[in-house]
There are 2 protein chains.
Amino acid sequence: MNSGAQLDCSAPSVHRKICIQMTDVDSQSGRAMLKLRELLLRGDFHPGERLSELPLVARLGVSRTPIRLALQRLAHEGLLEMVPSGGFQVREFNLTDIWDAIEMRGVLEGTAARLAAERLGDPVEMRAIRDLQQQMDTTTLDTAESFASYMDLNEAFHAAVGDLAKSPMLIRSLAYVKTLPFAAPSAMVYARSKLPKAAALFIIGQEQHHGLLEAIEQRQGSRAEALAREHARLARRNLESVLSDQAILSCVPGASLIKFSRAARQ
Amino acid sequence: MNSGAQLDCSAPSVHRKICIQMTDVDSQSGRAMLKLRELLLRGDFHPGERLSELPLVARLGVSRTPIRLALQRLAHEGLLEMVPSGGFQVREFNLTDIWDAIEMRGVLEGTAARLAAERLGDPVEMRAIRDLQQQMDTTTLDTAESFASYMDLNEAFHAAVGDLAKSPMLIRSLAYVKTLPFAAPSAMVYARSKLPKAAALFIIGQEQHHGLLEAIEQRQGSRAEALAREHARLARRNLESVLSDQAILSCVPGASLIKFSRAARQ
DNA sequence: ACAGCGGAGATTGTATACAGGACGGAAGTT
DNA sequence: AACTTCCGTCCTGTATACAATCTCCGCTGT
């Protein structure tokens with residue numbers, strides 16, 4: 001698993017997967033947004049740096065209008081923030097922000113799991129998510145392709161829990177917290193694979209998936225909620241481990257936007 | 001309390017308070033957004049109706065550019081949705097959406113309360129929120145001004161719990177769910193005052209506020225979370241009562257965007 | 001009568017021009 | 001030497017022009 005040799009953190013196939021789109025690609029503004037987001041996550045801009053529109057015209061190859069649109073959308077996503085006097089600047093995150101963002105995801109996914117348990121009609125509804133779980137169990141995790149596949153399955157699994165909750169509003173809020181690059185379910189998965197204890201972490205994660213489905217199936221809402229929260233905290237523990245190795249940290253998307261204050265955490 | 005005589009639901013002083021701004025008023029796009037949001041909440045457009053830009057130019061008195069901006073912001077807020085082929089249309093909500101939106105607020109405010117309890121440093125930090133609580137306790141609730149004051153205090157109280165959580169990320173998510181008009185803490189308060197059992201409901205609400213502060217002060221995170229969730233469910237019970245009276249329902253901002261399906265609820 | 005097709009009008013997405021304001025540097029004053 | 005003030009440059013916000021595309025209506029053919 002822990003390949004070690006080449007630490008191809010900037011492998012585009014991996015980062016691209018993390019990057020949710022949620023926009024039409026076949027429009028200037030959509031392309032501008034995706035391109036700009038990729039630049040931001042790749043670390044082409046410093047946190048706090050002001051993004052002027054004119055330089056972006058040359059860099060992205062589109063007019064100011066779609067760039068304005070892209071900037072505003074990214075501000076809504078949370079990667080940028082508007083400055084009071086006008087314009088936008090790159091947002092700076094600290095470790096507490098990431099910590100709390102993952103906690104928020106855990107809370108919302110916990111709610112999704114609880115609602116899924118409370119609202120489950122026929123156990124047949126769980127067939128799709130059971131299928132995802134079994135596919136993840138049988139993923140070998142020895143090649144780059146199997147990693148990408150695992151990340152896809154993981155994203156799909158978490159989305160499926162949201163679907164079982166049968167609440168558009170919840171899915172909406174969940175999508176919102178996931179827009180932050182390091183709060184997505186698979187954000188830490190790739191970095192995790194580089195850790196020494198990677199194998200153990202994957203086993204724990206799968207065990208939590210299993211327990212979660214069991215709780216939902218047996219309509220144990222409170223247990224499902226607790227398990228989903230704990231599952232998100234596994235990502236936080238990953239983060240904790242990843243912090244010790246700068247090389248691995250750079251695998252986390254948007255790591256360049258993190259400001260490390262002297263106090264390690266809290 | 002229950003004035004009954006004049007049911008001035010469209011009293012602008014009240015609706016204006018519900019409408020969060022979060023934008024600069026002294027710009028064309030900011031004004032366009034506020035004006036358009038007011039039109040939407042007042043029910044000037046049908047759910048599902050497509051909003052073309054040109055008619056809005058005449059109606060709002062600004063050019064297409066700021067209108068485009070306002071439309072996009074309102075889509076992010078959730079009042080509009082973009083149609084795949086281009087443009088925006090008024091979003092339609094059903095009762096389950098409102099139900100779940102309030103539940104989501106409860107979950108996030110519950111998390112805020114838990115974090116507030118877990119992260120409370122010195123009990124002195126609670127002086128401001130204690131002050132708000134006492135002011136609410138002594139509010140008479142017999143005049144329109146006292147209502148407005150109560151709603152302000154209520155909003156401030158809920159915001160203060162968020163501040164105590166010391167988590168910008170949580171405040172961000174909380175702000176997001178509150179953008180939906182009927183999910184704000186004070187959305188149901190005004191309509192509630194028209195209910196027969198208004199006095200009892202206010203007493204219950206105040207009691208919950210009191211218990212919440214006690215739990216936070218004694219660092220009882222789990223209890224604080226449960227109380228905050230239950231407090232939001234009081235708003236849901238208000239909604240349930242309000243639904244029985246069409247006249248009172250129209251006091252809820254954005255009520256005209258609600259589609260009532262044959263199944264009353266769930 | 002109904003489905004498929006075509007064209008005209010309307011509407012959005014994009015580019016660009018213009019104006020007002022913000023920021024920074026330089027010069028003058030205390 | 002430091003502070004203030006003024007001016008120039010840059011930048012954003014706004015308006016508008018243009019083009020591509022979508023929608024809707026009427027027409028025609030089966």
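Numbered from 1 within each chain, the chains take letters A, B, ... in sequence-line order.
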Please test A:Val90 against A:Leu257 for side-chain contact (heavy atoms from CB on, under 4.5 Å), starting from the C-alpha separation and ending with a verdict.
CA-CA 8 Å; A:Val90 181; A:Leu257 305 180; 3.6 Å; yes

Find out whether B:Ile102 and B:Met188 are in side-chain contact, i.e. whether some heavy atom of one side chain is under 4.5 Å from a heavy atom of the other.
yes

Please enumerate all residues that pass side-chain contact (heavy atoms from CB on, under 4.5 Å) together with A:Ala160, with sequence neighbours excluded.
A:Ile129, A:Leu132

List for me each residue that meets side chain to side chain donor-acceptor pair (under 3.5 Å) alongside B:Arg59, sequence neighbours excluded, and say none if there are none.
B:Asp44

Would you mind reporting whether A:Leu39 and A:Leu60 have side-chain heavy atoms less than 4.5 Å apart?
yes

Set of side chain to side chain donor-acceptor pair (under 3.5 Å) partners for B:Arg64, sequence neighbours left out
B:Glu53

Residues from residues 46-53 of chain A lying under 4.0 Å of DNA chain C - heavy atoms
none

Sequence neighbours left out, what passes side-chain contact (heavy atoms from CB on, under 4.5 Å) with A:Leu69? Give chain and number order.
A:Ser29, A:Arg73, B:Gln72

Determine to 10° how strongly the helix from C:dA1-D:dT30 to C:dT30-D:dA1 is bent, judged from the axes of its five-pair ends.
10°

To the nearest angstrom, the CD-P distance between B:Gln89 and C:dT12 comes to 12 Å

For B:Glu81, what residues pass the side chain to side chain donor-acceptor pair (under 3.5 Å) criterion, not counting sequence neighbours?
B:Gln89

For DNA chain D, which nucleotides open and close the run of contacts to chain A, 5' to 3', at under 4.0 angstrom from a non-hydrogen atom?
D:dT12 to D:dT14

Please enumerate all residues that pass side-chain contact (heavy atoms from CB on, under 4.5 Å) together with B:Asn94, with sequence neighbours excluded.
B:Thr96, B:Asp97

Can you tell me the distance, in whole Å, between the CG atom of B:Leu71 and the C1' atom of C:dG13?
13 Å

What's the spacing between B:Met169 CE and B:Leu115 CG if we round to 0.5 Å?
13.5 Å

OP1 or OP2 of C:dT14 less than 4.0 angstrom from a side-chain nitrogen or oxygen of A:Ser29, does that happen here?
yes

Would you call the rings of A:Phe93 and A:Phe182 parallel, tilted or perpendicular if under 30° counts as parallel and over 60° as perpendicular?
perpendicular

Kindly state each residue pair satisfying ring-ring contact (aromatic ring centres under 6.0 Å, His included) with at least one member in residues 56-86 of chain A, sequence neighbours excluded.
A:His76-B:His76

For DNA chain C, which residues in residues 55-70 of chain B have a heavy atom at a distance below 4.0 Å?
B:Arg64, B:Arg68

Nearest-Å distance, CD (A:Gln28) to P (C:dT12)?
19 Å

Identify, with sequence neighbours excluded, every residue that meets side chain to side chain donor-acceptor pair (under 3.5 Å) alongside B:Ser146.
B:Thr143

